[in-house]
Amino acid sequence: MRWTKTLIPTMKETPEGAEIPSHVLMLRAGLINQVMAGAYTYLPLGLRCLRKAERIVREEMDVAGAIELLMPAITPLSLWEQTGRVEAFGDVLIQFTVRRQNRKVHMALGPTHEEVITDLVSRQISSYRQMPITLYQIQTKFRNEERPRFGVLRTSEFLMKDAYSFNPSIESLDKSYEAMYAAYCRIFDRCGLEYLPVEAESGPIGGDASHEFMIPAENGEDTVAHCRECGYAANLERAEVGARDVVPPDVALKEMATVDTPNAGTIAQVCDLLRCKPARMIKTLIYVADGKPLAVLVRGDREANEGKIRRAVGAEKLELASPEVIEKVTGAPVGFAGPVGLKQNVPVWADRDVPILRNAVTGANQADAHLVGVNPGRDFTVPKDHVADLRNAADGDPCPRCSAKLSLRHAIEVGHVFKLGTKYSDALSARFLDDQEQLHPIIMGCYGIGINRIMAGLIETNHDESGILWPMAIAPYEVFVAPLKVTDEPTMRAAQQLHDQLEELGVEVLLDDRDVRAGVKFKDADLIGIPLRIVLGPRGLQEGQFEMKWRWDDQAEMIDQSTAAATIADLVRQERADGARFRARPGK
RNA sequence: CGGGGCGUGGCGCAGUCUGGCUAGCGCGCCUGCUUUGGGAGCAGGAAGUCGGAGGUUCAAAUCCUCUCGCCCCGACCA
C-alpha cells in the first residue's frame with residue numbers, strides 16, 4: 001500500500017482531551033477518530049490492527065473447537081425481561097421502541113448475548129448427544145456507559161468475542177472452561193500481551209469458577225492483587241488476605257472516654273480533629289443482609305469487601321443500610337456508629353484486624369461524639385466465629401498462598417471466563433434429556449474478550465516517547481518502506497520493486513511515497529510503530545544496499561538490495577510466528 | 001448522579017477579567033523558488049456564522065440568561 005493512496009492522518013500535537021498514552025497515540029497515529037464520547041471511527045490503520053486481533057481470536061477459538069455464528073445486535077426486549085436483566089442492566093441497556101404499522105416493537109441493543117444464545121439453544125438442543133458445544137461470535141456490543149473514558153478502553157460501542165459453552169454436566173463444563181482458558185492464554189501470547197489470569201468473583205458455582213485476564217498497566221481501571229513470589233493473582237473483590245497478626249501490641253490500656261467531634265462524620269474528619277491515624281480507628285458499617293441489619297467492623301484505613309461479608313454471614317443479598325436503618329440501629333445519625341453501646345442488639349462481625357487494635361477510636365452512637373481508648377474484648381466483644389477476612393486486600397498484605405507479600409497493581413481487563421451454571425438455561429427453559437431420559441437444565445459457561453482492548457492494552461504497555469511499538473502479529477503493516485527522495489527515479493523504482501516483491505511474498509508493506517523530508521517520514525514511522533523499517537537513501541543505494549531497522553532498536557543494519565525481499569520476508573515470518581524479537585527488545 | 005475544566009479555520013492555542021478598529025499566533029493545507037537522513041527556509045495564498053439560541057448595548061468572541069457538546073475527578077467508606 002502506498003501512503004498517498006490511503007488515509008493516515010497523523011498529528012504532531014496531542015488533541016485536547018486525550019490523556020492516557022493509548023488514547024493519545026491512537027489519535028496521533030491516525031488509528032481512530034472520535035465521533036462522540038465513547039464512539040470512535042477506526043481509520044484504515046486502526047482497522048487493520050483490530051482485524052488482526054480479531055483474526056487471532058477467531059483462529060484460536062476454532063482450534064479450541066468453538067463454533068462461530070453471528071447473532072443480531074438488535075434483540076427483543078422481552079428476552080431481557082425473562083431473565084430479569086432489564087433491571088439488572090438498568091440504564092446501561094440501550095433500549096428503544098420502533099413503530100411497525102399499528103404496533104410498537106420494543107428492542108434492546110445487545111450488551112452481551114446470553115439471552116439470545118440460550119434462547120437459540122433451548123430451541124435447537126434437547127439431547128445430551130448434542131453436547132458439549134461451545135458457540136461464539138465476534139460482534140459489536142452496546143452499553144450505555146455512564147461515563148465513557150480513557151479513549152477506546154471504555155466506550156459505548158465495542159467489539160467483543162463472546163463464547164458460550166453448553167454442557168450436560170459440571171465435569172463437562174470444567175473441560176470446556178479449561179479449553180477456553182488455554183485458548184485465551186494462546187491468544188494473548190500471540191498478541192504479544194503481558195497478561196495475568198486472575199481469580200475473579202465466581203457467582204453461583206463457586207470455587208475457581210471465574211478468571212479475568214488482566215494486563216497490568218498504570219492506567220487500568222481494575223486493581224489486582226499479585227504475589228510475585230508464588231504467582232497468586234486475584235482481582236481486588238476476590239483477593240484473600242493471608243495470615244495476619246493475632247497478638248495485640250503490648251501497650252497500656254487507656255480508659256475509654258467520650259469526646260466531642262462536632263460535624264466530624266467521616267474517618268478523615270475525625271482523624272483531623274483528634275489528630276489520630278485512620279489505622280487506629282474502628283469503622284463501623286451497618287449492612288442489611290437478607291432484610292436483617294448487622295454491624296461490620298473494619299479498621300479505619302481499610303475497605304470493607306461486600307462479597308466477603310456476604311459469604312461470611314451466609315446471606316443472599318447484602319447492601320449498606322439506609323440512613324433511617326442506621327439511625328434505628330445506632331441511635332445516632334450517619335457517621336457516628338460504633339461497636340460500643342449500639343441501640344439495637346444486632347449481630348456484630350469484625351475483620352481480623354479489629355480484635356488486636358488497642359486504644360482505638362470509634363463512633364459513640366450519638367451525634368457529634370466519638371469514643372477514644374476503646375479496646376476490643378474489654379469494651380465490646382465479637383464472637384470468635386464472627387471474626388473473618390472481611391476487607392479488601394491492601395498493598396503489602398501477606399499472600400494467602402505463601403509467605404511473601406501481595407502487591408496491588410492497576411490492570412486492564414481484556415478477557416473473562418466464567419462458569420455460569422444454569423441461570424439462563426433455567427430462565428429460558430434450555431433443558432436436555434440425559435441417557436436416563438431425565439430432564440436437566442443445560443449447564444453453561446461464558447467467555448468474553450474485548451478486541452478493542454487488546455489494541456489499547458498493547459499500546460498502553462508498549463510505547464516510547466516517539467510513538468507506538470507494535471508486535472508483528474498486530475501491527476497494521478509489517479514493513480515500512482521509506483524512499484527518502486521520491487523524485488529520484490531509481491530510488492522510487494527500487495522502492496516500488498521491493499514493495500511489490502514483499503507483497504508477493506505475503507508481507508504487508510506500507511510504502512511511504514510522500515514527497516516530504518526524511519525527518520517527517522522517520523517521525524511518522526516511529527509514531528505509527530511498524531516493526532520493520534526499510535530506508536532507501538543515498539547512504540546505501542549506490543552500493544546496492546538498503547537500511548533496515550527494527551522499531552525498538554537504536555541501530556540500523558545494511559542489507560543487500562538483491563536479496564532484500566527474501567531476507568525481510570524471512571524475518572517477518574519468523575517474528576510473526578513467535579514475536580521473539582519484540583519480547584526480547586532492549587529496554588523491555 | 002455530585003464536583004471541576006474546556007468549546008475561537010483541519011489540529012494546538014492567545015484574545016474574554018476591563019465590550020470598540022480588518023479576530024490573531026504556531027502547526028497543517030494550496031502556489032512558487034531554494035533546500036533535502038530525524039517534523040526545512042523565504043515569498044504569496046485559501047480557509048473562522050468565535051458551540052448554539054435568546055437578551056443587554058450605538059457596538060458582543062468578550063456582559064447576562066438558557067441550552068448543547070467534550071474532558072477530568074469523585075460516587076454508597078458512618
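By convention in this document, chain letters (A, B, ...) are assigned in the order of the sequence lines, proteins followed by strands, and residues within each chain are numbered from 1.
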Using whole Å, report how far [atom1] of [X] lies from [atom2] of [N].
{"X": "A/E465", "N": "B/rG38", "atom1": "CD", "atom2": "P", "result": "18 Å"}
{"X": "A/D91", "N": "B/rC1", "atom1": "CG", "atom2": "P", "result": "9 Å"}
{"X": "A/I528", "N": "B/rG39", "atom1": "CD1", "atom2": "P", "result": "18 Å"}
{"X": "A/E221", "N": "B/rC73", "atom1": "CD", "atom2": "P", "result": "9 Å"}
{"X": "A/F150", "N": "B/rC73", "atom1": "CZ", "atom2": "P", "result": "5 Å"}

Closest to the [X] side chain: [options]?
{"X": "A/A37", "options": "B/rC71, B/rC76, B/rG37", "value": "B/rC71"}
{"X": "A/L320", "options": "B/rC70, B/rA75, B/rC76", "value": "B/rC76"}
{"X": "A/E306", "options": "B/rC76, B/rA78, B/rG39", "value": "B/rC76"}
{"X": "A/P15", "options": "B/rG38, B/rC11, B/rA40", "value": "B/rC11"}
{"X": "A/E16", "options": "B/rC76, B/rC71, B/rG12", "value": "B/rG12"}
{"X": "A/E146", "options": "B/rG38, B/rA75, B/rA78", "value": "B/rA75"}
{"X": "A/R28", "options": "B/rG39, B/rA78, B/rC71", "value": "B/rG39"}
{"X": "A/I326", "options": "B/rC11, B/rG39, B/rA78", "value": "B/rA78"}
{"X": "A/K283", "options": "B/rA78, B/rG38, B/rG37", "value": "B/rA78"}
{"X": "A/E13", "options": "B/rC76, B/rG37, B/rG26", "value": "B/rG26"}

So, is [X] near the phosphate of [N], with a side-chain N or O under 4.0 Å from OP1 or OP2?
{"X": "A/R517", "N": "B/rG39", "value": "no"}
{"X": "A/Q269", "N": "B/rA78", "value": "no"}
{"X": "A/R147", "N": "B/rC73", "value": "yes"}

A/P476 and A/W470, any side-chain heavy atoms less than 4.5 Å apart: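 Yes, close enough: below the 4.5 Å cut-off.
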Base-pairing mate for B/rG12 - Watson-Crick or G-U, with both contacts under 3.5 Å: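 B/rC25 is the nucleotide pairing with B/rG12.
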Mate of B/rC1 where both pairing distances stay under 3.5 Å, Watson-Crick or G-U: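 B/rG74 - that is the nucleotide pairing with B/rC1, both distances being under 3.5 Å.
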Salt-bridge contact A/D389-A/R244 (side-chain N to carboxylate O under 4.0 Å):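 Answer for the salt bridge query: yes.
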Short N-O contact, A/R391 and A/D353, less than 4.0 angstrom: yes
5' precedence on RNA chain B between A/G300 and A/V516 (nearest-nucleotide basis):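 The residue whose closest nucleotide sits nearer the 5' end is A/V516.
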Derivation of the side chain to side chain contact (heavy atoms under 4.5 Å, CB included) call for A/D464 and A/W552: CA-CA 9 Å; A/D464 61 17; A/W552 44 81; over 6 Å; no
Distance between the [atom1] atoms of [N] and [M], in whole angstroms?
{"N": "B/rC27", "M": "B/rU34", "atom1": "P", "answer": "22 Å"}
{"N": "B/rG10", "M": "B/rC66", "atom1": "C1'", "answer": "31 Å"}
{"N": "B/rG5", "M": "B/rA78", "atom1": "C1'", "answer": "31 Å"}

Proximity of A/H370 and A/F336 rings by center, below 6.0 Å: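 Yes, close enough.
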Cation-aromatic face contact A/R48/A/Y477, 6.0 Å, 45 degrees: yes
